[in-house]
Amino acid sequence: MIKNFITALQFLTIFTVTRKRNVEEGDLAKSMVYFPFVGFLIGFILVHADRGLLWLLPDAISNIFLLIISVVITRAIHIDGLADTLDGLMGGSDRESRLRIMKDSRLGTAGALGIFFLFLVKYVSLNSLFNDHKAAALLTAPVFGRWSQMLMMFKANYGRAEGMGKAFVGHLRSGGLAAASIVCLGLSAWVIIDDARTVFLALGIPCAIALFTLLWRWYIVRKLGGITGDAVGAVSELSETLTLLLFVSLLSGR
């Protein structure tokens, strides 16, 4: 259990617990069950970073540093996946050309614009959230982002012959997804619910994330012929952003 959690932690974040053991493909597949737990740890760090920043800076400025911290913690791997995916989808005319563009390390116009608008939406959303609601959003957005990765990879076909994502895509078992989903939904409900109105928030967000992920998965398979690691990283970032937007939307007028 601890071994698989450490594998997930070291793959998804900048934190290095141990350098002494070799990670095999089977270890990576088993670690997926702990993705939401890693997301919760990321959210926990962001909540306390936010509280520390607010001692020194106003909301509008501290939120900029909060976004920077979130990128540093994850080594920007999901942001990179989003940019590569958008470049491929917008720049390619068929499956082969899209996959070839996604493999190119250079940042294209679509990828750059996608990153800009993603951070713009995140920043504006954070500026609209305060106190307990902001803390709940920061805690749960990374959790739902990693949960969406699991939904994306469950019983999916890998879109390339080789690649890092091959160790994950299609290897998640039903029991692992079910267990992680129960924990994910339980954590989010515990964090979000504080009165009758936020019950709708706790129920609405996972439903929206699941629906969005399935639509994104259908679209990616249609365009690429299968799931890639970049597309999985992209859905994580998009799901986090959607979670923040839903917090703002469903809590507006309070």
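Sequence positions, counted from 1, serve as the residue numbers for this chain. Just so you know, these numbers use all the heavy atoms, side chains as well, and skip hydrogens, waters and symmetry mates.
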In terms of heavy-atom contacts, does [atom1] of [X] have more than 12 from other residues, nucleotides or ligands at under 6.0 Å?
| X | atom1 | answer |
| --- | --- | --- |
| Phe44 | CZ | no |
| Asp104 | CG | yes |
| Asp94 | CG | yes |
| Arg173 | CZ | no |
| Phe119 | CZ | yes |

Is there a side-chain contact between [X] and [Y] in this structure, where contact means two heavy atoms from C-beta onward sitting under 4.5 Å apart?
| X | Y | answer |
| --- | --- | --- |
| Leu54 | Asp50 | yes |
| Ser174 | Lys155 | yes |
| Phe40 | Phe37 | no |
| Met150 | Leu172 | yes |
| Ile42 | Val38 | yes |
| Leu177 | Leu151 | yes |
| Ile205 | Ile192 | yes |
| Met102 | Thr85 | yes |

Practice task
Kindly determine whether Val221 and Ile227 satisfy side chain to side chain contact (heavy atoms under 4.5 Å, CB included), including the steps that lead there.
Solution key: CA-CA 6 Å; Val221 171; Ile227 304 301; 3.7 Å; yes
Straight-line distance of [X] [atom1] to [Y] [atom2], nearest 0.5 Å:
| X | Y | atom1 | atom2 | answer |
| --- | --- | --- | --- | --- |
| Ile6 | Thr16 | CD1 | OG1 | 11.5 Å |
| Arg106 | Asp84 | CZ | CG | 12.0 Å |
| Leu89 | Ile220 | CG | CD1 | 4.5 Å |
| Glu237 | Ser70 | CD | OG | 7.0 Å |
| Ile79 | Thr74 | CD1 | OG1 | 7.0 Å |
| Phe35 | Leu12 | CZ | CG | 4.5 Å |

Transitively linked via ILVMFWY side-chain contacts under 4.5 Å: [X] with [Y]?
| X | Y | value |
| --- | --- | --- |
| Phe5 | Ile2 | yes |
| Val232 | Ile101 | no |
| Phe144 | Leu129 | yes |
| Ile73 | Leu244 | yes |
| Trp218 | Ile209 | yes |

Practice task
Any chance you could lay out the side chain to side chain contact (heavy atoms under 4.5 Å, CB included) test for Thr140 and Leu187, step after step, and finish with the verdict?
Solution key: CA-CA 8 Å; Thr140 54; Leu187 284 174; over 6 Å; no
Would a distance-only check, ignoring hydrogens and angles, find a side-chain to backbone donor-acceptor pair under 3.5 Å from [X] to [Y]?
| X | Y | value |
| --- | --- | --- |
| Ser239 | Ser236 | no |
| Tyr123 | Ala60 | yes |
| Arg217 | Val235 | no |
| Ser249 | Leu245 | no |
| Arg95 | Gly159 | yes |
| Trp147 | Ala210 | no |

Determine the minimum heavy-atom distance between [X] and [Y], stating which atoms define it.
| X | Y | result |
| --- | --- | --- |
| Ala83 | Leu107 | CB-CD1, 3.6 Å |
| Pro36 | Arg146 | N-CB, 4.0 Å |
| Leu126 | Lys134 | O-CE, 4.2 Å |
| Asp87 | Thr109 | OD1-N, 4.0 Å |
| Leu139 | Val47 | CG-CG2, 3.6 Å |
| Ile69 | Ala49 | CD1-CB, 3.9 Å |

Practice task
Walk me through it: do Lys3 and Lys30 pass the test side chain to side chain contact (heavy atoms under 4.5 Å, CB included)?
Solution key: CA-CA 10 Å; Lys3 173 185 174 182; Lys30 293 176 183 176; over 6 Å; no
Handout entry: Evaluation steps, side-chain hydrogen bond (donor to acceptor under 3.5 Å, both in side chains), between Thr7 and Ser31
Key = CA-CA 6 Å; Thr7 300; Ser31 72; 5.7 Å; no
Exercise for the section: Indicate the ring-plane relationship of Tyr219 and Trp216, choosing parallel, tilted or perpendicular according to the 30° and 60° boundaries. Expected result: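 Geometry flag for Trp216 against Tyr219: tilted rings.
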Practice task
Go through the steps to decide whether Phe15 and Ile45 satisfy the test side chain to side chain contact (heavy atoms under 4.5 Å, CB included), and finish with yes or no.
Solution key: CA-CA 12 Å; Phe15 303 117; Ile45 294 171; 3.6 Å; yes
Problem - Aromatic ring proximity Phe11/Phe168, centre distance under 6.0 Å - result: yes
